[in-house]
Amino acid sequence: GSALGDDTLITYSVDGETFGSPAELLVGEGAAARAATASDYRAIRWTYEPLLPAGASSQVSFELLIP
């Protein structure tokens, strides 16, 4: 919940290749599959919607908490 970005679609990945919303991500396979948690995420992707115009600037962020 700490990833932020105005006018962005924020998606996450547990493998660095397939991205989705937190509700779509699973870890493991078959009967051992479980819903991914934030500690399982390996990548975050911010997609501007609408596209960020050439020459424009914006800011995205996330907070990383290390116990």
Side-chain angles (χ1 to χ4, degrees):
S2 69
L4 302 172
D6 290 339
D7 299 321
T8 62
L9 170 64
I10 302 170
T11 53
Y12 304 86
S13 177
V14 296
D15 63 8
E17 296 178 17
T18 305
F19 287 80
S21 69
E24 299 172 313
L25 298 176
L26 297 175
V27 176
E29 295 189 24
R34 63 171 175 78
T37 63
S39 64
D40 295 313
Y41 301 158
R42 299 292 171 254
I44 303 172
R45 178 181 287 167
W46 290 263
T47 305
Y48 281 93
E49 294 182 351
L51 291 177
L52 190 64
S57 64
S58 185
Q59 184 175 3
V60 298
S61 64
F62 75 98
E63 183 176 348
L64 176 63
L65 300 175
I66 301 174

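Rounding to the nearest 0.5 angstrom, the gap separating the CG atom in D7 from the CH2 atom in W46 is 15.0 Å. Atom CD1 of I10 sits about 13.0 Å away from atom CZ of R45, to the nearest 0.5 Å. Remark: T18 OG1 to L25 CG distance equals 9.0 Å, nearest 0.5 Å.
With sequence neighbours left out, Y12 forms a ring pair (Phe, Tyr, Trp, His ring centres under 6.0 Å) with Y41.
Cluster annotation: V27 is connected to I44 through the hydrophobic network of ILVMFWY side chains, with a link wherever side-chain heavy atoms come within less than 4.5 Å.
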Residues 53-62, side-chain donor-acceptor partners within the protein, below 3.5 Å, at least two apart:
residue: S58; atom: OG; partner: Y48; partner atom: OH; Å: 2.9

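Of all heavy-atom pairs between A43 and G16, the closest is CB-CA, 4.4 Å.
A salt bridge (charged side-chain N to carboxylate O under 4.0 Å, His left out) check over residues 15-43, counting only residues at least two apart or in different chains, returns the pairs R34-D40.
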